[in-house]
Colleague: 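Let me give you the structure first, and then I'll get to my questions.
Note that the structure is predicted; figures quoted are calculated from it, not measured. Nothing fancy with the numbering, it's 1 onward along the sequence.
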Amino acid sequence: MASLEDKMYKMNLSDLVSVIIPCFNRANMLPVTINSVYNQSYRPIECIIVDDGSSDNTKEVVSELQKKLSSNLFSIRYLFQKNNGAPSARNLGTENSSGEFIQYLDSDDLIYPDKLNHQIEYLQTYTNIDGVYGDWDHGTLDNKVLIKGLKCDDMVAQFYGGRVIHTLSFLFRRSIVDKIGSWDTQLKRNQEVDFHLRGVLAGGHFEYLPQTTGLWREHDGDRIINSNGLIYALKYHEKWIIKLAEINKLNQNIKIIASQHLFYKANALPENYKSEKLKYIKWAIRLNPNLKEFNSSKFFLIKKIFGLHFSVWLWIKYGKHLQQNRLKQANNI
């Protein structure tokens, strides 16, 4: 005879949440992340760990947690792939998931106990909504600041680079995940922003639900933006500026946002990236001729005489262009 838990599991299978966690050499942080999923007030949940070629003891850590935490209403699954990046790992996790709701979660972050419960309740109430997000904390367990999710009228501009939403905050219906398709494995940065943007363009209806959903954790292993990171970020913006122009979505608001991203990130590149710096700063000025760093009578006169290319080259070589704070600004915009 089936147990009560078995009956409950079968009855609620349509409400299963698949939590997909890509992981690479984070065995020391993974237990806190998985426990934050286990401590959800919502059930049923399947927690899928996709090991992206770790060389540490990730597999053993997950195995111990499987023994300790697994039940009929909460399961932990372990998948392994050769190192191919988080987007590829998320794709593998999605392909092997069964839930009608999808939660993507990074291996160093955590979600708060009522996150899924509140968001599932919202999606069950508003069946025309494809995904929901809220607010999130940023910092450490002991020292954190609240970041508001908010919602803008122009969600393409918002998700592109206005007020992007952290991965942990979102909960999706499987139906919209299927429409969006695979995560872009070619992108080395901003893959989450890319995924959310594609969701909007796929016709997804996303809503903001005021709720602190989890913690985007800072720690010693945090990535500090470097020249490769800046190039990867610029490639993301290049992809979307071209794409939005092709579908007539590159409005003036997005042009201004894009120009700021291009300028600050290109300006933060080291001197051996002169051609890339020149390319992207010129592009920033074309998108927004009133970009404040170039909005001077002197620059306009030089540009009128020598043209944009040589004027920007002179500015890069001799101008006072925020060298001292360039990395900070590139990270913050």
Colleague: Just by distance, no angles: are the side chains of E46 and S18 close enough, under 3.5 Å, to form a donor-acceptor pair?
Modeller: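 Note: E46 and S18 side chains meet the donor-acceptor criterion.
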Colleague: Can you tell me if Q186 has over 12 outside heavy atoms packed within less than 6.0 Å of its CD?
Modeller: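 No, the 6.0 Å shell around CD holds no more than 12 heavy atoms from other groups.
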Colleague: Cluster question for you: counting only ILVMFWY and a side-chain heavy-atom cut-off of under 4.5 Å, with indirect links fine, are W136 and V145 together?
Modeller: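 No, it is not one cluster - the side chains of W136 and V145 are not joined through contacts under 4.5 Å.
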Colleague: If the condition is ring pair (Phe, Tyr, Trp, His ring centres under 6.0 Å), which residues does Y104 pass it with, not counting sequence neighbours?
Modeller: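 If we apply the ring pair (Phe, Tyr, Trp, His ring centres under 6.0 Å) test to Y104, skipping adjacent residues, the hits are W183, F195.
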Colleague: Consider only side-chain N and O atoms of K115 and Q103, and report whether a donor and an acceptor are under 3.5 Å apart.
Modeller: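 Short answer, yes.
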Colleague: With a sphere of 6.0 Å drawn around NZ of K68, does it hold more than 12 non-hydrogen atoms of other residues, nucleotides or ligands?
Modeller: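 Atom NZ in K68 is not crowded, with 12 or fewer foreign heavy atoms closer than 6.0 Å.
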Colleague: So, T33 side chain and S107 main chain: donor-acceptor pair closer than 3.5 Å or not?
Modeller: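 Checked: pair present.
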Colleague: Is the closest basic N to carboxylate O distance between E246 and K243 below 4.0 Å?
Modeller: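 Salt bridge flag = no for K243 with E246.
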Colleague: Are any side-chain N or O atoms of S97 and backbone N or O atoms of T94, one a donor and one an acceptor, separated by less than 3.5 Å?
Modeller: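 It does hold such a pair.
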Colleague: What closest approach, in Å, do I48 and N96 show between heavy atoms, and which atom pair accounts for it?
Modeller: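 Residues I48 and N96, closest heavy atoms: CD1-O, 3.9 Å.
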Colleague: Would you compute the distance between atom CD1 of I76 and atom CG of L69 and round it to the nearest 0.5 angstrom?
Modeller: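 One finds 4.5 Å between CD1 of I76 and CG of L69.
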Colleague: If I take atom CG from residue L287 and atom CZ from residue F263, how far apart are they, to the nearest 0.5 angstrom?
Modeller: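 One finds 13.5 Å between CG of L287 and CZ of F263.
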Colleague: Rounded to the nearest 0.5 Å, what separation is found between the CG atom of L171 and the CG atom of L123?
Modeller: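 Atom-to-atom, L171:CG and L123:CG are 5.5 Å apart.
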Colleague: Where is the tightest heavy-atom contact between P210 and D135, given as atom of each residue plus distance?
Modeller: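 Result for this residue pair: CA-OD2, 4.3 Å.
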Colleague: Using the ring centroid of each side chain, check whether H118 and Y42 are separated by less than 6.0 Å.
Modeller: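 No, ring centres 6.0 Å or more apart.
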Colleague: Spell out, as yes or no, whether a donor-acceptor pair under 3.5 Å connects the side chain of E192 to the backbone of T167.
Modeller: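 Judged by distance alone, no pair lies under 3.5 Å.
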Colleague: Ring centres of H196 and F172 under 6.0 Å apart?
Modeller: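 They qualify: ring centres under 6.0 Å apart.
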Colleague: Give a yes or no answer on whether the side chain of D130 reaches the backbone of F206 with a donor-acceptor pair at less than 3.5 Å.
Modeller: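 Flag not set: sc D130 to bb F206 has no pair under 3.5 Å.
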Colleague: For atom NZ of K279, is the number of surrounding heavy atoms from other residues, nucleotides or ligands below 6.0 Å larger than 12?
Modeller: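 Atom NZ in K279 is crowded, with more than 12 foreign heavy atoms closer than 6.0 Å.
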Colleague: How far apart are the closest heavy atoms of S98 and R174, and which atoms are they?
Modeller: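 Looking at all heavy atoms of both residues, the shortest contact is N-NH2, 3.6 Å.
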Colleague: What is the distance from atom OG1 of T213 to atom CG of L105, rounded to the nearest 0.5 Å?
Modeller: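 Rounded to the nearest 0.5 Å, the OG1-CG separation comes to 10.0 Å.
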Colleague: For residues A157 and N253, report the shortest heavy-atom separation together with the two atoms involved.
Modeller: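 Nearest pair, atom of A157 first, then N253: CB-ND2, 3.6 Å.
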Colleague: Can you confirm whether or not the ring centre of Y126 sits under 6.0 Å from the ring centre of Y122?
Modeller: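 Close enough - the centres of the two rings lie under 6.0 Å apart.
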Colleague: Which class fits the ring pair Y133 and F170: parallel under 30°, tilted 30 to 60°, perpendicular over 60°?
Modeller: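 The rings of Y133 and F170 sit tilted, inter-plane angle from 30° to 60°.
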Colleague: Would you mind checking if D106 and R90 are paired as a salt bridge, meaning a charged N to carboxylate O distance below 4.0 Å?
Modeller: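 Salt bridge present between R90 and D106.
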Colleague: I'd like to know if D108 and R217 make a salt bridge, using a cut-off of under 4.0 Å between side-chain N and carboxylate O.
Modeller: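 Salt bridge absent between D108 and R217.
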Colleague: Output yes when a side-chain donor or acceptor of T140 lies under 3.5 Å from a complementary backbone atom of E218, and no otherwise.
Modeller: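 Absent.
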Colleague: Are the side chain of D56 and the backbone N or O of R26 linked by a donor-acceptor pair below 3.5 Å?
Modeller: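 At least one qualifying donor-acceptor pair exists.
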Colleague: Should the ring pair W283 and Y280 be called parallel, tilted or perpendicular, given that the plane angle runs from 0 to 90° and is split at 30 and 60?
Modeller: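 If you compare the ring of W283 with that of Y280, the planes turn out parallel.
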Colleague: Counting only heavy atoms from other residues, nucleotides and ligands, does the tally under 6.0 Å from NZ of K249 exceed 12?
Modeller: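 It does not: K249 NZ has 12 such atoms or fewer within range.
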Colleague: Under a 3.5 Å distance rule, please check whether K277 uses its side chain to pair with a backbone N or O of N267 as donor and acceptor.
Modeller: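 It does hold such a pair.
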Colleague: What is the minimum heavy-atom distance between S169 and G134, and which atoms define it?
Modeller: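 It is OG-N, 2.8 Å.
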Colleague: Can you tell me how the ring of Y38 sits relative to the ring of F74, calling it parallel under 30°, perpendicular over 60° and tilted otherwise?
Modeller: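 Ring orientation of Y38 relative to F74: perpendicular.
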Colleague: Output yes when a side-chain donor or acceptor of D51 lies under 3.5 Å from a complementary backbone atom of L79, and no otherwise.
Modeller: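 Not a single qualifying donor-acceptor pair exists.
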Colleague: May I ask you to say whether R198 pairs ionically with D184, meaning some side-chain N is under 4.0 Å from a carboxylate O?
Modeller: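 Salt bridge absent between R198 and D184.
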Colleague: Looking only at heavy atoms, what is the nearest atom pair of P87 and T185, with distance?
Modeller: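 It is CB-CA, 4.0 Å.
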Colleague: Would the distance check show the side chain of Q40 and the main-chain N or O of L116 forming a donor-acceptor pair, the cut-off being under 3.5 Å?
Modeller: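 Checked: pair present.
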Colleague: Are L234 and Y232 linked, directly or through intermediate hydrophobic residues, by side-chain heavy-atom contacts shorter than 4.5 Å (ILVMFWY only)?
Modeller: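 Y232 does not cluster with L234.
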Colleague: Under a 3.5 Å distance rule, please check whether E238 uses its side chain to pair with a backbone N or O of L262 as donor and acceptor.
Modeller: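 No, E238 side chain to L262 backbone: no donor-acceptor pair under 3.5 Å.
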Colleague: Can you establish whether the number of heavy atoms outside K59 located under 6.0 Å from its atom NZ is more than 12?
Modeller: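 Counting neighbours around NZ of K59, 12 or fewer heavy atoms of other residues, nucleotides or ligands fall under 6.0 Å, so no.
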